[in-house]
Amino acid sequence: MLAEKNIQQTVPQYKQSSYQIVEFPSFADRLVQWQLAHGRHSLPWQGTRDPYVIWISEVMLQQTQVNTVIPYFERFMATFPNVAALAAASVEAVLALWSGLGYYSRGRNLHRTACILQTQYDGKFPKDAASLQQLPGIGRSTAAAIAVFAVGERVAILDGNVKRILARYFGIGTYPSEKKTEQHLWELAEDLLPSTQDHQVLTAYTQGLMDLGALVCTRAQPHCQRCPLQVDCKAYRDNLTATLPAAKPKKILPTKEVAHLILLNQGHVLLTKRPTSGIWGGLWCFPEVTVDQNGIDYCAENLCLQVERQTELAPLNHTFTHFKLTIYPQILRLISHQSSWKKSDRENNYLWVGIEEALTCAIPAPVRKLLLAVQPVLRTFMHE
DNA sequence: TAAACGTGGGA
DNA sequence: TTCCCAAGTTT
């Protein structure tokens, strides 16, 4: 068995009998055995030690749930099967596949890192977590995950799953992302690592933390009956699983309002590329103006385009992590015989595209929603 | 260091 | 509806 040679950490209260020494399996041993029997083994990025595959999956999984990631991962691997293919692509092509997944700096950093690997590392990945962590978009926990799964390095991860498991197991009542608590959790995570260097054990252990967090030690209504750590879990003992880990301090989200101008002409829609910094960095969006700006005037003054008809659409609410946005969309149908209408082009960060093609571009989720809402309207126009 | 950075699902 | 937050990193 994989873990039997690794029974070293013990739970003191179980070996205090002077009549017989009962070695109770360590935290790590119980987790490893549980993972092998009950964990996930068939996710699309499992069963390989290819660091490229592991890297892409780990980055996609940052702050994103498995079921959301799977289709994105499949598309991404089919299009960019290796570092060379990713490095050879444009950032825009990468962001197009990232469209809808959120946190777009992840996509930009993925491309940056692929280029760095290609030009400075002979297209290969460094073999240790410390080196991996120097690459854009790879922090301490992601670097550790890649190093464990790819080469079996003995390093600790600390993601949301691990924070929740440890907060409950040790009965830690302070907010896990508060600096001092997080430092403590990193130390615990390192202390709990299996003492072996065995690749398969370290993989099962690391995967076991994620699987336990996702399947058993869930945020709401954890399944403690099925937990291999239940016997010495402080939160379970003290009936605190509902209150640990401590909730994030609440903040009231500010609300912003903007108008989005959906310019239509001859079956095409106008998109403009947002600056790299800020929300939706590097993505194609509708021209955005303040709610008190007149869309028709904006078109005339800034784009030299004459509007034939203006139609307001229902407001669209979109919530980010740090603010709420209400989008007031308006369709602006151009007078169709303007010689200059298609002059806006990629070099100016403007792009006229057919609506089907627009849906394949690097666009954020609300723009996709609006494009889908506008599709039938556009067909009506085409038939007039 | 606190804040920026997306989106969708579950309760 | 509203709130919480998920395989975090960067600035």
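Residue numbers begin at 1 in each chain, while the letters A, B, ... track the order of the sequences. Computed from heavy atoms alone, side chains included, the values below leave out hydrogens, waters and symmetry copies.
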Exercise for review: Using a cut-off of strictly less than 4.0 Å, decide whether A:Tyr104 has a side-chain nitrogen or oxygen near OP1 or OP2 of B:dT7.
Suggested key: yes
Practice item. Side chain of A:Ala365 only, please: which of C:dC4, B:dT7, B:dC5 is the nearest? Key: B:dT7
Exercise for review: Using a heavy-atom cut-off of under 4.0 Å over every strand shown, decide if A:Ser57 touches base, sugar-phosphate, or nothing.
Suggested key: nothing
Study note, to complete from the structure: Closest to the side chain of A:Gln62, out of C:dA7, B:dC5, C:dT9, is C:dT9
Exercise for review: Could you tell me whether A:Thr64 contacts a base, only the sugar-phosphate backbone, or nothing, with contacts defined as non-hydrogen atoms closer than 4.0 Å?
Suggested key: base
**Study point:** A:Gln63 CD - B:dC5 C1' separation (whole Å)
**Key:** 10 Å
Check your understanding: Which sits closer to the 5' end of DNA chain C, A:Glu58 or A:Ile138, going by the nucleotide each is nearest to?
Key -> A:Glu58
Review point. Which part of the nucleic acid does A:Leu101 contact within heavy-atom distance under 4.0 Å: base, sugar-phosphate only, or nothing?
Key: base
Check your understanding: According to a strict under-4.0 Å criterion, is A:Ser105 in side-chain N/O contact with OP1 or OP2 of B:dA4?
Key -> no
Review point. Do A:Trp352 and A:Gln266 have a side chain donor and acceptor closer than 3.5 Å?
Key: no
Exercise for review: Could you pick out which residue, A:Gly281 or A:Gln65, lies toward the 5' side of DNA chain B when each is mapped onto its nearest nucleotide?
Suggested key: A:Gly281
Practice item. Using a heavy-atom cut-off of under 4.0 Å over every strand shown, decide if A:Trp45 touches base, sugar-phosphate, or nothing. Key: base
Check your understanding: Reckon A:Arg140 touches a base, only the sugar-phosphate, or nothing at all at heavy-atom distances under 4.0 Å?
Key -> sugar-phosphate
Point to revise | Pair A:Lys127 + A:Glu153, salt bridge at N-O below 4.0 Å | key: no
Practice item. Could you tell me the separation between the CD1 atom of A:Ile363 and the P atom of B:dG6, rounded to a whole number of Å? Key: 15 Å
Review point. Which part of the nucleic acid does A:Lys369 contact within heavy-atom distance under 4.0 Å: base, sugar-phosphate only, or nothing?
Key: nothing
**Study point:** N or O in side chain of A:His318 less than 4.0 angstrom from B:dG6 OP1/OP2
**Key:** no
Review point. Checking only heavy atoms, does the side chain of A:Arg164 share a donor-acceptor pair with the base of C:dA6 at less than 3.5 Å?
Key: no
Practice item. Could you state the atom-to-atom distance from NE2 of A:His322 to C1' of C:dC5 in whole Å? Key: 15 Å
Exercise for review: Round to the nearest Å and state the distance from A:Leu158 atom CG to C:dG8 atom C1'.
Suggested key: 10 Å
**Study point:** Check: B:dG6 base within 3.5 Å donor-acceptor of A:Thr321 side chain
**Key:** yes
Practice item. Select from A:Tyr103 and A:Lys250 the residue whose nearest nucleotide in DNA chain C is closer to the 5' end of that strand. Key: A:Lys250
Practice item. For B:dC5, take OP1 and OP2 only and decide whether either is under 4.0 Å from a side-chain N or O of A:Trp98. Key: no
Check your understanding: Between A:Gln183 (CD) and B:dT1 (C1'), how many Å, whole number?
Key -> 15 Å
**Study point:** Atom C1', compared across B:dA2 and C:dA7: separation rounded to whole Å
**Key:** 23 Å
Practice item. For A:Gly100, answer base if it contacts any base atom (sugar-phosphate contacts may also be present), sugar-phosphate if it contacts only those atoms, and nothing otherwise; contact means non-hydrogen atoms under 4.0 Å. Key: sugar-phosphate
Check your understanding: Heavy atoms, side chains only, cut-off 4.5 Å: are A:Phe320 and A:Leu325 in contact?
Key -> yes
Check your understanding: C:dC3 phosphate, OP1 or OP2: any side-chain N/O from A:Lys324 under 4.0 angstrom?
Key -> yes
Check your understanding: Counting side-chain heavy atoms from CB outward, which of C:dC3, B:dA11, B:dT7 is closest to A:Gln221?
Key -> B:dA11
**Study point:** Rounded P spacing from B:dG6 to C:dT11 in Å
**Key:** 13 Å
Exercise for review: Remember a base hit wins even if backbone is also touched, and classify A:Val59 as base, sugar-phosphate or nothing at under 4.0 Å, heavy atoms.
Suggested key: nothing
Review point. Taking atom types as modelled and ignoring hydrogens, do the side chains of A:Arg108 and A:Thr276 form a donor-acceptor contact shorter than 3.5 angstrom?
Key: no
Practice item. Pick base, sugar-phosphate or nothing for A:Pro366, based on heavy-atom distances below 4.0 Å to the nucleic acid. Key: sugar-phosphate
Study note, to complete from the structure: Separation of B:dA2 atom P from A:Lys179 atom NZ, nearest Å, is 9 Å
Point to revise | Atom-pair distance (CZ on A:Arg106; P on C:dA6), nearest Å | key: 14 Å
Exercise for review: Between C:dA7, C:dT9, B:dT7, spot the one nearest the side chain of A:Ser141, thanks.
Suggested key: C:dT9
Check your understanding: Closest nucleotide of DNA chain B for A:Ser277 versus for A:Tyr72: which of these residues is on the 5' side?
Key -> A:Ser277
Practice item. For the residue pair A:Lys163 and A:Ser177, confirm or rule out a side-chain donor-acceptor distance under 3.5 Å. Key: yes
Review point. When we call it a touch if two heavy atoms are under 4.0 Å apart, what does A:Leu43 touch: a base, just sugar-phosphate, or nothing?
Key: base
Review point. Can you check whether A:Lys248 has a side-chain N or O nearer than 4.0 Å to OP1 or OP2 of C:dC5?
Key: no
Study note, to complete from the structure: Looking only at C:dC4, B:dG6, B:dA3, the nucleotide nearest the A:Arg219 side chain is C:dC4
Study note, to complete from the structure: With the side chain defined as heavy atoms from C-beta on, A:Pro364 is closest, among C:dT10, B:dT7, B:dA3, to B:dT7
Exercise for review: Could you check whether A:Lys163 gets within reach of a base, just the sugar-phosphate, or nothing at all, counting any heavy atom under 4.0 Å?
Suggested key: nothing
Practice item. Could you grab the distance from atom CD1 of A:Ile70 to atom OG1 of A:Thr64, nearest 0.5 Å is fine? Key: 12.5 Å
**Study point:** Protein-nucleotide distance (A:Glu182, atom CD; C:dG8, atom P), rounded to Å
**Key:** 11 Å
Review point. Can A:Thr181 and A:Glu178 be counted as having a side-chain donor-acceptor contact under 3.5 angstrom?
Key: yes
Exercise for review: Write down the atom of A:Ala246, the atom of A:Tyr175, and the distance for their closest heavy-atom approach.
Suggested key: O-CD1, 3.6 Å
